2 protein chains.
Amino acid sequence: MKVIRTIAELRQELSLKRQSIQSRESVVGLVPTMGFLHDGHASLMQAAKQQSDIVVLSIFVNPIQFGPNEDFDSYPRDEARDVETARAKGVDIVFIPSVEEMYPQPTQTTVSVSRLTDRLCGASRPGHFDGVTTVVSKLFNIVQPQRAFFGMKDAQQVAVIQQMVNDLNMAVEIVPCPIVRESDGLALSSRNVYLSTEQRQEALVLSKALREAQEAVDAGTALTAADIRGILRQNIERSRMAVIDYAEIQAFPSLEPLADQEKVHGRDDLLIALAVKFGKTRLIDNIRLQKSEVLSHV
Amino acid sequence: MKVIRTIAELRQELSLKRQSIQSRESVVGLVPTMGFLHDGHASLMQAAKQQSDIVVLSIFVNPIQFGPNEDFDSYPRDEARDVETARAKGVDIVFIPSVEEMYPQPTQTTVSVSRLTDRLCGASRPGHFDGVTTVVSKLFNIVQPQRAFFGMKDAQQVAVIQQMVNDLNMAVEIVPCPIVRESDGLALSSRNVYLSTEQRQEALVLSKALREAQEAVDAGTALTAADIRGILRQNIERSRMAVIDYAEIQAFPSLEPLADQEKVHGRDDLLIALAVKFGKTRLIDNIRLQKSEVLSHV
């Protein structure tokens with residue numbers, strides 16, 4: 001495994017690796033991350049390993065996707081451990097550029113997706129998704145992967161990036177990978193390290209709220225979007241520390257919100273998504289609603 | 001030569017052609033145009049032919065780079081003649097997508113370059129350059145060229161696209177090609193067909209103004225930006241029909257305007273650019289200022 005820090009060296013190495021593979025159809029798989037890798041990232045690397053000839057893991061805490069009052073400076077970093085994790089997962093190249101390498105001058109060019117980005121995390125974090133789509137465009141142009149692997153914890157990010165890929169005819173397949181959770185249900189996130197012991201315990205209300213919503217959908221056919229929103233808020237508000245940013249139900253990947261009176265039953269295109277703050281730490285979680293086995297046969 | 005109208009077929013054909021070339025380093029050259037080809041385009045195809053293994057000419061009148069009151073509907077088109085021109089110039093693939101093929105849904109994704117686009121044509125045509133950079137991004141992603149050829153008549157477009165390529169790390173070399181002129185000096189443009197006989201005659205003030213400015217620079221060392229602007233306006237105003245949109249001197253490719261009192265002498269990074277309307281027809285022209293041979297030895 002090679003650790004590479006410059007764009008020029010990465011391009012050279014990829015060119016050599018592509019040539020060394022017999023088939024002209026060699027598949028490069030990219031796993032773009034901000035590092036501080038956890039088992040969620042590991043599952044992305046594993047999927048990439050299965051579906052690619054050459055796996056590139058990028059680690060870059062991208063300043064332009066952080067707001068001025070967000071946690072760019074304090075975002076957790078552990079390069080040495082990340083490199084070992086990547087090695088253990090069979091990654092071929094770890095790309096760790098500096099901010100100066102990625103932005104030798106402040107970028108004058110922005111890739112932005114409208115509509116999908118004006119809600120949920122986009123509403124709470126103005127400019128965030130422009131930063132994401134711009135840096136992902138850069139990474140795609142640098143690595144030129146055939147496949148790129150993203151975690152569904154950032155479901156809105158997946159929808160936004162897929163829209164960008166479609167609109168701009170990018171020659172890359174976006175592979176969304178399932179959320180990975182702790183045994184007690186908490187969705188893995190690099191930001192979980194910010195949580196105090198008490199906050200960590202209370203943070204379980206997110207996954208519990210999602211589970212209860214799914215169970216309610218499984219149990220009854222008359223459920224409306226308003227009912228779901230009620231279940232989510234009730235569950236989250238059991239934690240006194242929790243401050244809800246949003247608790248929403250919408251179509252996926254269009255992210256069109258459901259009107260309160262809309263029925264949920266029988267639809268398999270719905271996403272329930274949460275963002276909740278514990279102190280300064282903002283956690284997100286979501287679930288794709290499954291049609292109940294029984295009800296789907298009605 | 002193949003004429004191809006869908007993205008899928010183009011990708012397939014390019015993949016076959018790339019494989020048929022012995023060297024793995026096959027160079028695809030793209031000449032993006034809006035069609036109604038003239039000798040300016042021919043010079044781009046010629047440059048592409050010399051510098052590429054596979055030449056792709058795209059013909060697409062891109063609706064999103066036209067303003068609501070601009071000439072999208074009336075923009076001149078002659079596909080049959082264009083295809084013959086391309087064939088004569090040794091183009092390998094002519095890509096002529098429909099609007100529906102390029103925009104099956106209205107694009108939610110925009111690639112935009114700031115600063116460089118707020119002046120000159122960008123000031124007169126709000127949104128124009130966003131349309132250009134977005135469609136050029138799409139074409140780059142579809143064709144994946146190693147080189148792309150653009151005419152310097154649209155000098156600002158060249159600067160904007162080069163900035164986009166730099167900022168987004170696009171793996172393509174932008175090759176700017178010199179302006180091609182009629183024997184009397186008029187810069188070739190598909191829009192020249194809009195001109196009446198009288199307008200066509202008066203339109204010569206553009207190239208004359210540029211020539212006089214160059215001559216003035218060659219003749220004297222004390223010339224300021226204000227002097228240049230004066231020369232340009234005096235020359236253009238000799239035509240009663242001419243309505244000046246801009247007549248400017250700036251650095252290239254930064255497009256930073258020169259202050260009036262700034263000296264022009266001894267700089268080789270300057271661009272003089274004009275946009276002038278004759279009736280409804282807006283013509284542009286420009287010249288890169290050359291250091292005078294004599295003065296450059298002083």
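Each chain gets a letter, A, B and so on, in the order its sequence line appears, and its residues count up from 1. Quick caveat, the model's predicted, so the values are computed rather than measured.
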Select all residues of residues 7-17 of chain A having any heavy atom within less than 4.5 Å of some heavy atom of chain B, and report them by number, or 'none'.
A/Ile7, A/Arg11
A/Asn169 versus B/Asn141, closest heavy-atom pair with distance
O-CB, 3.1 Å
If you define the side chain from C-beta out and look only at heavy atoms, does anything of A/Leu168 sit under 4.5 Å from B/Thr134?
yes
Do any of residues 54-68 of chain B come closer than 4.5 Å to chain A, heavy atom to heavy atom, and if so which ones, in number order?
none
Close approach to chain A in residues 108-121 of chain B, criterion heavy atom under 4.5 Å
B/Gln108, B/Thr109, B/Thr110, B/Val111, B/Ser112, B/Val113, B/Ser114, B/Arg115, B/Leu116
Of all pairs that satisfy salt bridge (Lys or Arg N to Asp or Glu O under 4.0 Å), the ones with a partner from residues 122-147 of chain A, not counting sequence neighbours:
A/Glu70-A/Arg125, A/Arg147-A/Glu173
Using heavy-atom distances under 4.5 Å, tell me whether A/Gln105 contacts chain B through its side chain, its backbone, both, or neither.
neither
Option that, when pairs with chain B are counted at under 4.5 Å, heavy atom only, ranks first among A/Val172, A/Leu139, A/Thr107, A/Thr133:
A/Thr107
